[in-house]
Every structure is written in structure tokens, then in C-alpha cells.
There are 2 protein chains.
Amino acid sequence: MSHACDHHDHNHAPAPVNTAARLAEAQTLCAEAGERMTTSRLRTYELILEASAPVKAYDVIDRFHPDGAAKPPTVYRALSFLEHMGLIHRIESLNAFVACGASDHSTGSHHTAGFLLCDCCGQSVEIALPALGAVDSRAAEAGFKVKRITLEARGLCQACRQDD
Amino acid sequence: MSHACDHHDHNHAPAPVNTAARLAEAQTLCAEAGERMTTSRLRTYELILEASAPVKAYDVIDRFHPDGAAKPPTVYRALSFLEHMGLIHRIESLNAFVACGASDHSTGSHHTAGFLLCDCCGQSVEIALPALGAVDSRAAEAGFKVKRITLEARGLCQACRQDD
DNA sequence: ATCGATATGTAATATTGTAACGATCGTCAA
DNA sequence: TTGACGATCGTTACAATATTACATATCGAT
Ligand SMILES: [Zn+2]
Ligand SMILES: [Zn+2]
Ligand SMILES: [Zn+2]
Ligand SMILES: [Zn+2]
């Protein structure tokens, strides 16, 4: 995963997540939902949590085992599961995945969220999506039933603006 | 390009565009911008205009010549050009491309737009994106400089809701 | 005519994602 | 316990999407 510039460092990482705690929460969440948090799924989630930016599926595949890669279906299945559980989000404009940053997954289902994606350092920030009036009203006008919304804002994060 | 259902027909096509007129407009636009509307670019744009829904790059590649396909770089280059000119948009969640539906391309540069994308018939509707207050304010808060926004609402169009 | 910038042709390869099918695991009821 | 069933997994192969690299051609301006 390389990014747009190499003229400044990208050490402005976000506060690291407490991976162990998040993994435990995920296990609880699945148990409550009657779903099975298997080792493949947990390992996939772990690799996404550890990353400081959205992760490509093949990065997960490559890092899955200490020695040697996983098979693609193993990881793609886990990614689908985690996305359905609302634990991760797919970033369409990057073909990548990021852990959900919402504090509470107790709804059990995937919420829609927006993302600020830095083109320079690659970091992503999840933002809540309150009602998007403009979209809702335009959809209503067209008789269109919205099921889910992808909103991705590409640009430069504060750190990358400053030292550019 | 197949879609989600086969239990009702998908004959509710949008009003067809006047392809010839749009091609001519595009030529004018490029001339004014000092860009070259070459035959590859024009052919690519034509194929996208003719489609009634977002088109995959490889559909363009396959249909490019009356006999035999184009080479991928030919088409991907043309797609990049057309996107930069604001004549087409890439739909990230579909890996596909659609002609810009804005009436006026005279700004010369690509505007941001939103899309209503029917999961059933595959049709897309481009919607204007007025300021997205929620996103702008959250970006400002984070010191994030937004350069462009992808907004794609997936769901069911009116026709597909009715006969489902 | 020549030059530099832009655009194209071509082959190869990289990246991303699925289909298919049998084996295994977990759960529950007979 | 045992068998049945659905969910999950392992494995192979392949499909779909996209880019790199480099040679060639074209355009427009000296
Ligand atoms: Zn989230
Ligand atoms: Zn950044
Ligand atoms: Zn548009
Ligand atoms: Zn529809």
C-alpha cells in the first residue's frame, strides 16, 4: 500500500485501537447475535484492526498466516461476514476495508457511514451520516427506495496539508 | 451485465439520449478546452452514451470494434480522459461508467454528483449534490480538505419497487 | 523539416474477486 | 449415540478488472 507522496513522512497515525478489547467485543457481539466468530473471521478482523489505514483484501490474504498466504475465498468470506456484522466497512473507491469506528455495534446490523480519505497518507476517518436531506428528498421525488449509501470524501487530512 | 432479479422485465428504460448531439457537444467542449477528442475517445464516449445503464470497462472493450475487442489500455485511457473532461462519471460501487447527465458541461471540469443506483434493473440517476452540510462541517472540524465526493445510493427504482 | 509534447499500439502482467465442489464442523432431534 | 442438516471451510481453478512498460505514431509549433 503506497500513497501519493514521498516528500514528507506519514507518522501522524491515529490513536491505535485496543485490538484485544475490540476482538473480545466482537466475539460477544457474535455470540449475542447467534453467529459464529470463527478463527478465520477473527484473524481477518484482527489484521484489519491492526492496520492504521484501510487494508486491501490481498494484504489480509498475504499476512494471514505467519508463513504463507491464505486462499482468497477464505478471506473474502470472512470480509463479507464482518461487513454484514457491521464490524468493518468496505471503501469502494479504494477496494479496501477498514474497521468500523462506531463506538457501539449493538444494533447488530451494519449502519451506513461516511469516510474522509486522505489521498496522501491513506488514513481514513469514519464520520456519522445524519440524514442527507438532499439525497433523501431527491430519491423520494424519483420514487427511489434507498437501501444503503456510500459516501467517500477524498482529499487531504490536516497533517498532510500542513507539510505539503 | 446481469441484475438482481429475473421475475419482472426491465423495460422501463430512461429517455434515450440524443447520442449524435452529445457527441457533437463533446467535440465542441474539447475544442474549447484545447483538448483533443480523438477517435478512441469519441468511440468510448459513444458506447457509454448508447448504454441505458452504467457500463463496465470490459463491455466497452468488447464492443469497441465491429469485429474483435480493443486493447484494455486504449479504453482505460479514454475513460480517464472522459472522466477528467467531466463527460462521464465512474461508479465506484459498480466498477462501471456512466455518461454525465448534467445539462451543461461548460465549466470544463468534472463536477461532483450523486447517483441513485437500482440494484434490480441496474439503471442509474444522477442527482445534483448541493453542499453536504454534514460532511463539510465534519471535514472542517477535522481540518480535512475535501477534493471530491463519491456518493452512491443503492436501492430500488420506482419501477422495480412496483412490480416486485 | 524538425522538435517536443501528446496520444496510441502492443504485449505482458498485476490486482481484485468468484464459482464449484467436496470435506468438515456444530447443533439438534430421534 | 447416531444420523441428519445447515453452516463453514479447504482447495482448485478461473473470471473480471486494471496497470506497467516500451515502442511507435501523430499533432502543433517553431
Ligand atoms: Zn461504522
Ligand atoms: Zn494524510
Ligand atoms: Zn455529472
Ligand atoms: Zn430498477
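Just so it is clear: chains get the letters A, B, ... in the order the sequence lines come, proteins before strands, and each one is counted from 1.
- In this structure a side-chain-to-backbone donor-acceptor pair under 3.5 Å is missing from A/Gln123 to A/Cys118.
- Between B/His84 atom NE2 and C/dA7 atom P there is a gap of 12 Å when expressed in whole angstrom units.
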Under 3.5 Å, N/O pairs linking protein and nucleotides 11-14 of chain C:
residue, atom, partner, partner atom, Å
C/dA11, OP2, B/Lys71, NZ, 3.2

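- Comparing B/Ala78 and A/Tyr76, the nucleotide of DNA chain C nearest to each residue sits closer to the 5' end for B/Ala78.
- First and last contacts of DNA chain D with chain A, using any nucleotide atom under 4.0 Å from a protein heavy atom and ordered 5' to 3', fall at D/dT8 to D/dT12.
- Look at CZ on B/Arg41: it is 11 Å from P on C/dT6, rounded to the nearest Å.
- Using modelled atom types, no side-chain atom of B/Arg41 and backbone atom of B/Phe81 make a donor-acceptor pair closer than 3.5 Å.
- Residue B/Phe81 contributes atom CZ, which lies 11 Å from atom C1' of C/dT6 at whole-angstrom precision.
- Of the possible donor and acceptor atoms, none in the side chain of A/Arg148 sits under 3.5 Å from a partner among the backbone N and O of B/Ala153.
- Between the side chains of B/Ser93 and B/Arg154, at least one donor N or O sits under 3.5 Å from an acceptor N or O.
- Residue A/Arg90 is classed as a sugar-phosphate contact, given heavy-atom separations below 4.0 Å to backbone atoms only.
- Taking atom OH of residue B/Tyr58 and atom P of nucleotide C/dT15, one finds them 15 Å apart after rounding to whole Å.
- Without hydrogens or angle criteria, B/Ser80 side chain to B/Tyr76 main chain gives a donor-acceptor distance under 3.5 Å.
- Looking at B/Ser137, its side chain does come within 3.5 Å of a backbone N or O of B/Gly133 through a donor-acceptor pair.
- Centroid-to-centroid, the aromatic rings of A/His89 and A/Phe97 stay 6.0 Å apart or farther.
- Classification of B/Asp62 and B/Lys56 as a salt-bridged pair fails, no side-chain N sitting under 4.0 Å from a carboxylate O.
- Between C/dT18 and A/Arg77, no contact under 4.0 Å exists linking OP1 or OP2 to a side-chain N or O.
- At whole-Å resolution of the value, CG in A/Asn95 and P in C/dT18 are 10 Å apart.
- As a whole-Å value, the separation of B/Leu42 CG from C/dT8 C1' is 16 Å.
- The residue among B/Leu94 and B/Arg36 whose nearest nucleotide of DNA chain D is located toward the 5' end is B/Leu94.
- Rounded to an integer number of Å, the gap from CD of B/Glu35 to P of C/dA5 is 16 Å.
- Whole-Å rounding puts the B/Leu79 CG to C/dA7 C1' distance at 15 Å.
- A side-chain donor-acceptor contact under 3.5 Å links A/Glu152 to the backbone of A/Glu92.
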